[in-house]
Amino acid sequence: MPDQLQYSGDTTENEAVAVTPNHSNGNSANASAVNAAHSSASLVGEQSPSVGQSSASSAEESPVRFKNLNEIYEMTEEIELDSDTEALLAIMEEPSCYKDAAGDENWQAAMKNELQSITKNRTWELVKLPPGKRPIGLKWVFKLKKNAEGEIIKYKARLVAKGYVQKQGIDFEEVFAPVARLDTVRMILALAANRGWQVHHLDVKTAFLNGDLEEEVYVSQPKGFEVKGKEKCVLKLSKALYGLRQAPRAWNVKLDKSLKSLNFTKCACEPAVYTRGTGRNAVILGVYVDDLIVTGSDPAEIMKFKTEMTTQFEMSDLGLLSFYLGIEVDQQLDFITIKQSSYAKKILSQFGMGDCNPAKIPMDPGIKLHQDKGGEPVDATEYRKMVGCLRYLLHTRLDLAYSVGMTSRFMKRPTIMHMRAIKQILRYLKGTIEMGLVYTQVGGEEVLVGYTDSDLSGDLVGRRSTGGMAFYLNGNLITWCSQKQKTVALSSCESEFMAATAAAMQAIWLRNLLSELTSAKGKVVALYVDNNSAIALMKNPMFHGRSKHIDIKYHFIRECIEREQIVAKRVGTAEQKADSLTKALAAGSLMVMRHLLGVRDLSVL
């Protein structure tokens, strides 16, 4: 490993700086070296006695060398920045604390706006701290709001309570607050596209400040804005504040009451979705914390809802939905597209792959990832960051689902083998950065169709199979999954049967949700499987010798078929749309399957 520079923030130009090799057992030597550098500037080029004693105590550590800062400056090249570049760097930086933001007018204005919102909402009152009570600290958090092109559109300062000091049962009780699943968001978009509806976007300003608190909570005064002469006083909260453990739930309860007062009904199978009216007057609302998406057939009803919400909360009308949770949405007259191109570019830039050569496939068909116990380990933290970033990309890129899922299984001790696999995914992403989904206006009543598939014992570690599913609403892809099964399958029939059962559970949920959104009776969901034995096992309790050991929960699909909620149908392997969710494919097969799935290059639309 290369030498790393170790220094203290208080070191002056004339003081010595210790340079030590980056050994895992060299922490004590590093500390001793820095202490010696601070104690005497005359030790440049020599080793201090204290450092020598520390080094002698560990024979494996390398000798300590010293350089003063002037020598280090001479070894580096000075970079001259023009005024525009310096201004850009200053703008792009987000302060980490109040001290860093205090000198900037934009951040000062943002902090004042935050306090004005809090004061306007009557969130707190200044009081003396009662005996036996302890105030919770506050912290300023700064964030640059950007659009899909990465341009700064707003300086946001948020006053956050240090809720990590709260204790459950004393400072709060319940904390859970539901949000809309992205599967649900895609279903709403597909439904809107099929019916020719527009989807609007609303944002609740300082949403958490609207939640009413049931507990008695005190916080300290915000740094930089203490009341003169009353610095020792604290703030008693009457409403929630960002950072409090109970704040999300308090806001959700407040919003739920407000929507119900406006005659909205909460969906039973998706508590973050509300509906009002039927037919021409129908309005559908999806909630993700303070982001609201609303659609319906009558624009007048949507405008009426916007007006009603402005009387309840301070709102921002963002117009037609164009950017939502990192997903870029483009609404046209007869179709809607969703993609994550900007997020993909950010991933490539973050991990130094912005200029890499593109690959045609995300994973080689012949590769078999395993634990690689004898392989050289890589930085596990960096590897996990890569996997985490790629997993969020799967909300619009199901062609990456299998490969990202495979690399996710080795985050405990990743090696060079696993890092090569994940970098190939990034190279594939480089060449398909504009890929996304298209929701078209097919017309007619909405029909759900599902595809399910499975490999057999593809996991070399636990010998478990990988199941995949994909569901379509009038030909528009809305939900999918590629996941390792919970137990070992003894045959392809058994693995396909278990994969179909998992798909049946998803199908029932989608069927019920669609029924609530459209106020129509749920229709039979067609589930396509490419294994005849599995289909026979779903319909009849046959093959007793080969199925008697299968867990009872996997026979749930048989009951769904008997109730005529699901019908299992045969599909050929070539038309099995879930095939790429269970295995790596060659370039030609992947291109065909990508088209079957519905993933399109949106740059050519």
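If you're wondering where the values come from, they're calculated on a predicted model, not measured in any experiment.
Side-chain contact check for Q483 and T466: no donor-acceptor pair (N or O, by modelled atom type) lies under 3.5 Å. T184 and E270 share a side-chain donor-acceptor pair at under 3.5 Å. Between the side chains of E376 and T415, no donor-acceptor pair is found at a separation under 3.5 Å.
Here the CG atom belonging to L321 is positioned 9.0 Å from the CD1 atom belonging to I327, to the nearest 0.5 angstrom. In this structure, NE2 on H200 lies 7.5 Å from CD on Q331, to the nearest 0.5 angstrom. The distance from the OH atom of Y402 to the CD1 atom of I425 is 11.0 Å, given to the nearest 0.5 Å. Between atom CG of residue L437 and atom CD1 of residue I478 there is a gap of 11.5 Å, rounded to the nearest 0.5 Å. In this structure, T487 OG1 and R463 CZ are separated by 14.0 Å, a value rounded to the nearest 0.5 Å.
A donor-acceptor pair is defined here as one N or O able to donate and one able to accept, closer than 3.5 Å; such a pair exists between the side chain of D171 and the backbone of K167. A donor-acceptor pair under 3.5 Å links the side-chain atoms of Q168 to the main chain of E173, judged by distance alone. Not a single donor-acceptor pair under 3.5 Å links the side chain of T432 to the backbone N or O of M435. Remark: the backbone N or O of A359 is not paired with any side-chain donor or acceptor of R427 at under 3.5 angstrom. Of the possible donor and acceptor atoms, none in the side chain of S482 sits under 3.5 Å from a partner among the backbone N and O of T582. Side chain of D601 to main chain of S603: a donor-acceptor pair is present (N/O by atom type, distance under 3.5 Å, no hydrogens or angles). Between the side chain of S589 and the main chain of L585, no donor-acceptor pair closer than 3.5 Å is present. Side-chain atoms of H395 do not come within 3.5 Å of backbone N or O of L325 as any donor-acceptor pair.
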Can D459 and R464 be said to form a salt bridge (charged side-chain N to carboxylate O under 4.0 Å, His left out), step by step?
CA-CA 5 Å; D459 179 33; R464 297 181 184 180; over 6 Å; no
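By the 30° and 60° cut-offs, the orientation of the rings of Y324 relative to Y288 is perpendicular. Using the six-membered ring where Trp is involved, Y451 and Y528 have ring planes that are parallel, under 30° apart on the 30 and 60° scheme.
A salt bridge links K523 with E445; the closest basic N to acidic carboxylate O contact falls under 4.0 Å. Checked for salt-bridge contact, R558 and E562 miss the test: no charged N lies under 4.0 Å from a carboxylate O. Under a 4.0 Å N-O distance rule, the pair R397/D399 qualifies as a salt bridge. Using a 4.0 Å cut-off between a side-chain N of Lys or Arg and a carboxylate O of Asp or Glu, D455 and K583 do not qualify as a salt bridge.
Dense packing is recorded around CZ of R384, with more than 12 heavy atoms of other residues, nucleotides or ligands lying under 6.0 Å away. Atom CG of D379 has more than 12 neighbouring heavy atoms from other residues, nucleotides or ligands inside a 6.0 Å radius. Enclosure of atom NZ in K423 is not indicated, since only 12 or fewer non-hydrogen atoms of other residues, nucleotides or ligands lie within 6.0 angstrom.
Residues H555 and F497 place their aromatic rings such that the two centres sit under 6.0 Å apart. Aromatic pair Y343/Y392: centroids less than 6.0 angstrom apart.
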